[in-house]
Undergrad: 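First, the structure itself, so that you have it in front of you.
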Amino acid sequence: MAACRIVNAAVETAVEEIRTASTDYTTAANDFISAFNSAIAEMEGASKDALDQFFKEKVVPFISEDIPGAVSGMADLLEANRSNFADIDQQIADSILNG
């Protein structure tokens with residue numbers, strides 16, 4: 001079995017930074033959506049309608065939900081692993097001390 005080690009403080013810091021990145025992606029997505037909508041606001045015709053539909057159905061969910069969600073999910077995964085390691089470490093220590 002491979003050695004296993006986790007540094008709580010480093011993982012906690014990384015989790016915070018990743019959660020911040022998720023929020024930053026959401027903010028950037030909102031800015032992008034606003035800019036795009038402004039860019040096509042004066043357009044007219046079937047191509048504008050198709051572009052608007054494509055953007056709303058495909059692009060918006062990807063940039064405003066999928067990307068931030070994936071990044072946030074990684075933070076959750078890291079935090080769950082960090083927490084599990086800490087819990088198991090304490091259980092082993094308790095087992096050693098309590099026989």
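The basis for the numbers below is simple: all heavy atoms, side chains too, and nothing from hydrogens, waters or symmetry mates. Remember, it's a predicted structure, so these values are computed and weren't measured experimentally.
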Undergrad: Could you check whether any side-chain N or O of N84 sits under 3.5 Å from a backbone N or O of A80, counting only pairs where one atom can act as donor and the other as acceptor?
TA: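 Looks like yes, one N/O pair under 3.5 Å.
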
Undergrad: Please find the pair of heavy atoms, one from F62 and one from P68, that lie closest to each other, and give the distance.
TA: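 Minimum heavy-atom contact is O-CD, 4.4 Å.
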
Undergrad: Do F85 and V11 belong to the same hydrophobic cluster, where Ile, Leu, Val, Met, Phe, Trp and Tyr are linked whenever their side-chain heavy atoms lie under 4.5 Å apart, directly or via other members?
TA: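 Yes, it is one cluster - the side chains of F85 and V11 are joined through contacts under 4.5 Å.
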
Undergrad: So, for V71 and I18, which heavy atoms are closest and what is the spacing to 0.1 Å?
TA: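 Heavy-atom minimum between the residues: O-CG2, 3.2 Å.
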
Undergrad: Please enumerate all residues that pass salt bridge (Lys or Arg N to Asp or Glu O under 4.0 Å) together with D76, with sequence neighbours excluded.
TA: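 For D76, the residues satisfying salt bridge (Lys or Arg N to Asp or Glu O under 4.0 Å) (neighbours in sequence not counted) are R19.
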
Undergrad: Could you grab the distance from atom CD1 of I6 to atom CG of N81, nearest 0.5 Å is fine?
TA: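 Reported value, rounded in 0.5 Å steps: 6.5 Å.
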
Undergrad: Taking C-beta and beyond as the side chain, do D66 and Y25 meet within less than 4.5 Å on heavy atoms?
TA: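 Contact flag for D66/Y25 side chains = no.
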
Undergrad: Treating S83 as the side-chain partner and E79 as the backbone partner, does any N or O pair qualify as donor plus acceptor under 3.5 Å?
TA: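 Not at all, since once roles are kept as given, no pair shorter than 3.5 Å links the two residues.
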
Undergrad: Between F55 and N37, is there a side-chain heavy-atom distance shorter than 4.5 Å?
TA: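 In short, these two side chains touch, coming nearer than 4.5 Å.
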
Undergrad: Is the number of heavy atoms from other residues, nucleotides or ligands within 6.0 Å of NZ (K56) greater than 12?
TA: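 Open: at most 12 neighbouring heavy atoms sit under 6.0 Å from NZ of K56.
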
Undergrad: Taking only residues two or more places apart in sequence or in another chain, which ones pass salt bridge (Lys or Arg N to Asp or Glu O under 4.0 Å) with D89?
TA: none

Undergrad: State, to 0.1 Å, how close A29 and I63 come at their nearest heavy-atom pair, and which atoms those are.
TA: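 Result for this residue pair: CB-O, 3.2 Å.
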
Undergrad: Determine whether the side chains of D94 and Q90 contain a donor N or O and an acceptor N or O closer than 3.5 Å.
TA: yes

Undergrad: I'd like to know if V7 and V15 are part of one continuous hydrophobic network [Ile/Leu/Val/Met/Phe/Trp/Tyr, side-chain heavy atoms within less than 4.5 Å].
TA: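 No, V15 and V7 fall in different hydrophobic clusters.
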
Undergrad: Are M43 and V60 connected, step by step, through hydrophobic side chains (Ile, Leu, Val, Met, Phe, Trp, Tyr) whose heavy atoms are closer than 4.5 Å?
TA: yes

Undergrad: Does the side chain of S64 reach to within under 4.5 Å of the side chain of I33, using non-hydrogen atoms?
TA: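 The answer is yes; the side chains approach within 4.5 Å.
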
Undergrad: Please name all residues satisfying salt bridge (Lys or Arg N to Asp or Glu O under 4.0 Å) with E12, sequence neighbours left out, ordered by chain then number.
TA: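 Expected list: R82.
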
